[in-house]
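Structure first, commentary second.
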Amino acid sequence: MDKIRRASHAGSWYTDNPRKLAEELDGWIRAAGLAKSSDVRGVIAPHAGYSYSGRAAAYAFGNIDPMNISRVFLLGPSHHYYTTKCELSIATVYKTPIGDLPIDLEVIEELKATGKFELMDLRVDEAEHSMEMHLPYLSKVFEGHPVKIVPILVGALSAENETMYGKLLAKYVDDPNNFFSVSSDFCHWGSRASFNYMHYEKKYGAIHKSIEALDKMGMDIIETGDADAFKQYLLEYDNTICGRHPISVFLHMLKHSSTKIKLKFLRYEQSSQCKTMRDSSVSYASAAAKVEA
């Protein structure tokens, strides 16, 4: 009996009209104009409502060549539910308006057997948007190619646990049939209670330029693959990158796998340009993780 995770944010965060959704995603992927490459083995992509970040996300998902990929590991942060571990979905199917994605139950069992993962309640799963916002893109890109997904909700991990999960998952990077979709927005800036972050360095000029400099500093460090340097950057600037833990786990995975993979950011956008201390914005960045020749 299938246990279904509904597309709980369809109709609000993105359209629930299948034709319209498919057209939107196609249009954004075409506009990004990227060549598909079998060397692309993972992405970092945003997870806001599509009217905000859908266009930016295309610069991650537009790279994917679906031909040899049969499994996608999906790593997303937890926004509403506090856990210090990684949690696995108990669903068997993730629904999207443009096609459903089956869960790879074999790998879920394998991960469960390590004793390091907890199970995510279906209500928690459906309340969380960070992984769901990647699903329609994955459904679109893998249209006509059978693919299974392994959703992993990444909690507020300690540095030790980020390393531990990274090492544990590293072996999956060495299988070229596996792909990794890492979900994160970048700086959440403003006095809003949910952001409460107003770091501003006047030397960059306008506030939005200061935000961009701060984000790009983090993006440059992520590109080096140095998880410790990224941790140091977060400690120093406290940048409100909501997918900091999934990104850190991914960096540890790449470090401990025997496949040489390099991350490169391809797109950066902000939801609005902050000019006064009353403004607020969220940044979106898309990256591709490519096998190095």
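FYI, the numbering just counts along the sequence from 1.
Checked by atom type and distance alone, the side chain of Ser210 never pairs as donor or acceptor with a backbone atom of Tyr200 at under 3.5 Å. The backbone N or O of His9 sits less than 3.5 Å from a side-chain atom of Glu132, completing a donor-acceptor pair. In this structure a side-chain-to-backbone donor-acceptor pair under 3.5 Å is present from Arg244 to Asn239. Side chain of Glu128 to main chain of Leu153: no donor-acceptor pair is present (N/O by atom type, distance under 3.5 Å, no hydrogens or angles). Between the His134 side chain and the Pro46 main chain, a donor and an acceptor come within less than 3.5 Å of each other. No side-chain donor-acceptor contact under 3.5 Å links Arg192 to the backbone of Ser280.
Aromatic pair Phe265/Phe186: ring centres closer than 6.0 Å.
For Tyr237, there are no side-chain hydrogen bond (donor to acceptor under 3.5 Å, both in side chains) partners, not counting sequence neighbours. Not counting sequence neighbours, Ser191 has no partner by the side-chain hydrogen bond (donor to acceptor under 3.5 Å, both in side chains) test. In this structure, the salt bridge (Lys or Arg N to Asp or Glu O under 4.0 Å) partners of Lys231, at least two apart in sequence or on a different chain, are Glu162. Here Glu201 pairs with Lys203 under the salt bridge (Lys or Arg N to Asp or Glu O under 4.0 Å) rule; sequence neighbours left out. Residues satisfying the side-chain hydrogen bond (donor to acceptor under 3.5 Å, both in side chains) criterion with Asp185, sequence neighbours excluded, are His47. Considering only residues two or more places apart in sequence or on other chains, Asp100 meets the salt bridge (Lys or Arg N to Asp or Glu O under 4.0 Å) condition with Lys95. By the salt bridge (Lys or Arg N to Asp or Glu O under 4.0 Å) test, Asp215 is found to be paired with no residue, residues two or more places apart in sequence or in another chain being considered. The side-chain hydrogen bond (donor to acceptor under 3.5 Å, both in side chains) search around Glu109 returns Lys112, not counting sequence neighbours.
Val43 is listed as a side-chain neighbour of Ser181, based on a closest heavy-atom distance under 4.5 Å.
Sorted by first and then second residue, the salt bridge (Lys or Arg N to Asp or Glu O under 4.0 Å) pairs with a member in residues 78-94 read Lys85-Glu118; sequence neighbours excluded. Counting only residues at least two apart or on different chains, the ring pair (Phe, Tyr, Trp, His ring centres under 6.0 Å) pairs with a member in residues 136-170 are Tyr50-Tyr137, Phe61-Tyr137, Phe117-Tyr165. Among residue pairs with one or both ends in residues 61-73, those qualifying as side chain to side chain donor-acceptor pair (under 3.5 Å) are Arg71-Asp104, Arg71-Asn178; sequence neighbours excluded. Residue pairs meeting the ring pair (Phe, Tyr, Trp, His ring centres under 6.0 Å) criterion with at least one member in residues 267-293, sequence neighbours excluded, do not occur.
Asp238 and Tyr197 share no donor-acceptor pair across their side chains, judged by distance under 3.5 Å alone. Counting only N and O atoms by type, the side chains of Tyr172 and Glu110 include a donor and acceptor under 3.5 Å apart.
Taking a cutoff of 4.0 Å between a charged side-chain nitrogen and a carboxylate oxygen, Lys262 and Glu292 do not qualify as a salt bridge.
Lys140 contributes atom NZ, which lies 10.0 Å from atom OG1 of Thr96 (distance to the nearest 0.5 angstrom). Note that the CG atom of Leu74 and the CE atom of Met131 stand 5.5 Å from one another [nearest 0.5 Å].
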